[in-house]
Chemist: 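Below is a structure I'd like to ask you about.
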Amino acid sequence: MTDTVPAFALPLLAAIAALSYCIGSIPFGLLLTQVGGAGDIRQIGSGNIGATNVLRTGRRGLAAATLLLDGAKGAFAVVCAFVLSPFHTGQAEAVAALFAVVGHCFPIWLKFRGGKGVATGLGAALALSPLAGIACCAIWLGVAKLTKLSSAGALAAFVALPLLLTALGGGDPRAPVAMAGLLIALLVIGRHHENIRRLLAGTEPRIGRSRP
């Protein structure tokens with residue numbers, strides 16, 4: 001994703017990657033549940049720090065706040081990259097989006113045991129391409145509502161993400177933003193490997209129900 005960026009800009013991209021990783025690694029789900037008196041989210045349900053697991057505490061407000069803040073950090077990282085980079089070719093924003101999701105999934109502060117990247121990935125997508133981001137959010141919510149399976153909605157949204165970013169970005173799948181969308185989708189889908197197994201086995205818990 002650096003072909004059209006001068007070699008001297010590589011340190012800037014590295015700095016943007018590091019900054020975006022740090023932004024993405026802020027564990028809002030863990031912080032909010034602890035401050036809100038809901039305990040350590042890592043000891044509840046799946047142990048995941050994302051909004052879906054926060055919802056298992058029964059604190060819908062905390063779950064909603066986690067969802068919004070996790071999404072906001074993905075968008076914020078992309079906006080920071082846009083402001084910091086003088087080269088508006090998409091590379092900096094693509095790097096920021098990818099590393100924000102990596103930070104959420106593998107935060108150094110939590111021994112690299114983070115979330116699955118759904119909200120952060122969608123927030124980054126909204127900043128990269130508002131139309132693609134809105135479409136992915138609609139797919140996520142629509143599939144989740146129809147199936148009552150949050151993971152099914154997330155998987156459908158991220159399968160669509162690189163396709164939408166490519167289509168809305170000029171049709172070149174090798175463009176930086178499209179490539180970032182593909183890598184983010186692969187990461188998020190990979191983080192759902194256990195959900196995929198349960199979906200295939202018909203044992204994935206429905207929204208609003210605790211894990212067995």
Side-chain angles (χ1 to χ4, degrees), residues 1-26 28 50-51 67-108 112 114-140 153-193:
M1 290 191 294
T2 60
D3 292 324
T4 60
V5 174
F8 63 81
L10 293 178
L12 175 61
L13 289 177
I16 286 172
L19 174 62
S20 300
Y21 174 87
C22 291
I23 293 170
S25 67
I26 301 171
F28 284 117
L67 180 67
L68 290 173
L69 288 171
D70 280 349
K73 66 187 183 183
F76 181 65
V78 174
V79 171
C80 285
F82 179 81
V83 171
L84 292 173
S85 175
F87 309 103
H88 297 305
T89 55
Q91 272 90 350
E93 295 86 346
V95 166
L98 176 60
F99 277 87
V101 179
V102 171
H104 177 80
C105 294
F106 306 106
I108 190 171
F112 304 104
K116 296 180 181 178
V118 175
T120 304
L122 290 175
L126 283 165
L128 288 173
S129 171
L131 286 178
I134 290 169
C136 286
C137 289
I139 291 169
W140 175 43
L155 289 168
F158 282 90
V159 166
L161 176 61
L163 302 175
L164 288 166
L165 287 175
T166 298
L168 294 171
D172 183 1
R174 297 170 299 176
V177 169
M179 288 297 297
L182 176 61
L183 293 173
I184 290 169
L186 291 173
L187 176 56
V188 172
I189 291 169
R191 295 288 287 172
H192 281 78
H193 62 94

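Everything quoted here is computed from the prediction, not taken from an experiment.
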Chemist: Name the residue from Leu168, Ile134, Leu161 that meets the side chain to side chain contact (heavy atoms under 4.5 Å, CB included) definition with Ser129.
Modeler: Leu168
Chemist: What closest approach, in Å, do Ala100 and Gly74 show between heavy atoms, and which atom pair accounts for it?
Modeler: CB-CA, 4.3 Å
Chemist: Rounded at 0.5 Å granularity, tell me how far CD1 in Ile16 sits from CZ in Phe82.
Modeler: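 Ile16 atom CD1 to Phe82 atom CZ measures 11.5 Å (nearest 0.5 Å).
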Chemist: For Val118 and His192: C-alpha separation, side-chain torsions, deciding distance, then whether side chain to side chain contact (heavy atoms under 4.5 Å, CB included) applies.
Modeler: CA-CA 10 Å; Val118 175; His192 281 78; 3.5 Å; yes
Chemist: Is atom OH of Tyr21 surrounded by more than 12 heavy atoms (other residues, nucleotides or ligands) closer than 6.0 Å?
Modeler: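 Atom OH in Tyr21 is crowded, with more than 12 foreign heavy atoms closer than 6.0 Å.
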Chemist: To the closest 0.5 Å, what do you measure between OG1 (Thr166) and CE (Met179)?
Modeler: 9.5 Å
Chemist: When rounded to the nearest 0.5 angstrom, what distance separates CG in Leu19 from SG in Cys80?
Modeler: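 Answer for the CG-SG pair, Leu19 versus Cys80, is 5.5 Å.
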Chemist: Looking at Gly90 and Val177, what are the two nearest heavy atoms and their distance?
Modeler: O-CG2, 4.2 Å
Chemist: Quick one: closest heavy-atom pair of Ala132 and Leu165, and the distance?
Modeler: CB-CD2, 3.7 Å
Chemist: Hey, what do you get for CG (Leu84) to OG (Ser20), rounding to the nearest 0.5 Å?
Modeler: 9.0 Å
Chemist: Look up atom CG in Leu182 and atom CZ in Arg174, then write down how far apart they are to the nearest 0.5 Å.
Modeler: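 That separation rounds to 13.5 Å.
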Chemist: Which value, rounded to the nearest 0.5 Å, describes the distance between Leu122 atom CG and Cys137 atom SG?
Modeler: 4.5 Å
Chemist: Could you go through Arg191 and Phe106, starting from their C-alpha distance and side-chain angles, then the distance that decides it, and tell me whether this counts as side chain to side chain contact (heavy atoms under 4.5 Å, CB included)?
Modeler: CA-CA 11 Å; Arg191 295 288 287 172; Phe106 306 106; 3.5 Å; yes
Chemist: Which atom pair, heavy atoms only, marks the closest approach of Asp172 to Ala178?
Modeler: O-CB, 3.7 Å
Chemist: Checking side chain to side chain contact (heavy atoms under 4.5 Å, CB included) between Thr120 and each of Ile26, Ile184, Val101, Val188, which is the one that passes?
Modeler: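 For Thr120, the side chain to side chain contact (heavy atoms under 4.5 Å, CB included) test succeeds with only one of Ile26, Ile184, Val101, Val188, which is Val101.
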Chemist: Indicate the atoms forming the closest heavy-atom contact of Val95 with Ala17, along with that distance.
Modeler: CG1-CB, 3.7 Å
Chemist: Any idea which heavy atoms bring Ala97 and Ala124 closest together, and the distance?
Modeler: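 Nearest heavy atoms, Ala97 then Ala124: CB-CB, 3.8 Å.
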Chemist: Would Leu13 and Phe99 satisfy side chain to side chain contact (heavy atoms under 4.5 Å, CB included), going step by step from the backbone distance to the final call?
Modeler: CA-CA 11 Å; Leu13 289 177; Phe99 277 87; over 6 Å; no
